[in-house]
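When a residue number appears, it is its place in the shown sequence, counting from 1.
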Amino acid sequence: MRAHRLLIIFPLGLLATSFFFDVAWLVNEREPLARAAAVMLAGGVFSGAFAALFGIADWRAIPEGTRAKRIGAMHGIGNVIVILLFAASWIVRRNEPAEPHAFAIALSAGGVLLTLGTAWLGGTLIERADRGENEDRRESLSPTSTAVR
């Protein structure tokens, strides 16, 4: 689980920052802000897809039938949707990167909001894994487990 947690820093930073550059563009309509947001979107989408490969490998290592496996699946599916939202935002603005449409910014905003939940799920898995709560135990991270409160 080490590589995935290191690799997610790039897409998280790039995609969130692209949205904040969009907001700054909405405030003052300076073209370089919108262009920078588009470039960050591209970098975030590609680095997010790369990080996902390592996330899939980590998820496959979680024991079947555990709550951790289900939470990991929710985290992964949610992040696929996040990447698709940001990719759609990037595609919508590709012909006019200096003047993003409201729809493109709305897609990015949706991606940021969903990321808050998926990042929390992933962080919870990492924290509990670091404490050894889901190491080869079927009952780990289950609703009745004493490790979850």
Side-chain angles (χ1 to χ4, degrees), residues 1-131 133-134 140-143 147-149:
M1 284 195 181
R2 303 274 185 235
H4 178 67
R5 70 170 94 170
L6 294 174
L7 291 172
I8 60 150
I9 295 167
F10 296 106
L12 277 175
L14 288 167
L15 295 172
T17 303
S18 74
F19 174 70
F20 292 116
F21 271 58
D22 281 341
V23 171
W25 178 83
L26 286 171
V27 171
N28 64 26
E29 294 189 11
R30 293 189 59 209
E31 208 174 282
L33 294 170
R35 289 186 186 279
V39 171
M40 284 185 247
L41 278 170
V45 166
F46 287 113
S47 62
F50 183 69
L53 297 174
F54 290 86
I56 291 168
D58 288 349
W59 179 76
R60 292 183 62 171
I62 298 172
E64 292 293 330
T66 61
R67 185 166 182 242
K69 189 79 162 190
R70 289 188 304 277
I71 291 173
M74 289 189 305
H75 167 73
I77 291 167
N79 280 328
V80 167
I81 295 168
V82 165
I83 293 297
L84 291 174
L85 287 169
F86 281 110
S89 176
W90 179 44
I91 290 167
V92 167
R93 68 178 78 207
R94 82 171 177 255
N95 291 332
E96 297 180 60
E99 291 187 33
H101 298 285
F103 182 60
I105 296 171
L107 287 166
S108 290
V112 167
L113 290 174
L114 184 55
T115 298
L116 295 173
T118 60
W120 179 79
L121 287 172
T124 299
L125 284 173
I126 293 298
E127 178 185 329
R128 291 179 179 172
D130 284 350
R131 292 190 308 218
E133 292 179 17
N134 65 348
S140 70
L141 300 180
S142 67
V148 178
R149 292 200 180 200

Verdict with supporting geometry, Arg5 and Asp58, side chain to side chain contact (heavy atoms under 4.5 Å, CB included): CA-CA 10 Å; Arg5 70 170 94 170; Asp58 288 349; over 6 Å; no
Test log, rule side chain to side chain contact (heavy atoms under 4.5 Å, CB included), inputs Asp22 and Arg93: CA-CA 11 Å; Asp22 281 341; Arg93 68 178 78 207; 2.8 Å; yes
Side chain to side chain contact (heavy atoms under 4.5 Å, CB included) evaluation trace for Val92 with Leu107: CA-CA 9 Å; Val92 167; Leu107 287 166; 4.1 Å; yes
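Atom CH2 in Trp59 sits 13.5 Å away from atom CD1 in Ile71 (nearest 0.5 Å). For the atom pair OG1 (Thr118) and CG (Asn79), the distance works out to 3.5 Å, reported to the nearest 0.5 Å.
Counting only distance, with no hydrogens or angles, the side chain of His4 and the backbone of Ala51 share a donor-acceptor pair below 3.5 Å. Proximity of a side-chain donor or acceptor of Lys69 to a complementary backbone N or O of Pro63 within less than 3.5 Å is not detected.
Heavy atoms only, all atoms of each residue included: Ala49 and Ile83 are closest at N-CD1, 4.5 Å. What you find for Phe21 and Ala37 is that their closest heavy atoms are CB-CB, 3.9 Å. The minimum heavy-atom distance linking Gly110 with Leu85 is given by the pair C-CD1, 3.8 Å. Taking each heavy atom of Ser47 and Gly44 in turn, the nearest pair found is OG-O, 3.4 Å. In this structure, Leu114 and Gly78 approach most closely via the heavy-atom pair CD2-O, 3.5 Å. Taking every heavy atom of both residues into account, Ala98 and Glu31 meet most closely at CB-CG, 3.0 Å.
Among residues two or more places apart in sequence or in another chain, the ring pair (Phe, Tyr, Trp, His ring centres under 6.0 Å) test is passed with Phe50 by Phe54.
A side chain to side chain donor-acceptor pair (under 3.5 Å) check over residues 99-117, counting only residues at least two apart or in different chains, returns the pairs Ser89-Ser108.
By the 4.5 Å heavy-atom criterion applied to side chains, Arg35 and Val39 are not counted as neighbours.
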Could you list the donor-acceptor pairs under 3.5 angstrom formed between side-chain atoms of residues 6-20 and any protein atom two or more places apart in sequence or on another chain?
{"from": "Thr17", "atom 1": "OG1", "to": "Gly13", "atom 2": "O", "distance (Å)": "2.6"}
{"from": "Ser18", "atom 1": "OG", "to": "Leu15", "atom 2": "O", "distance (Å)": "2.7"}

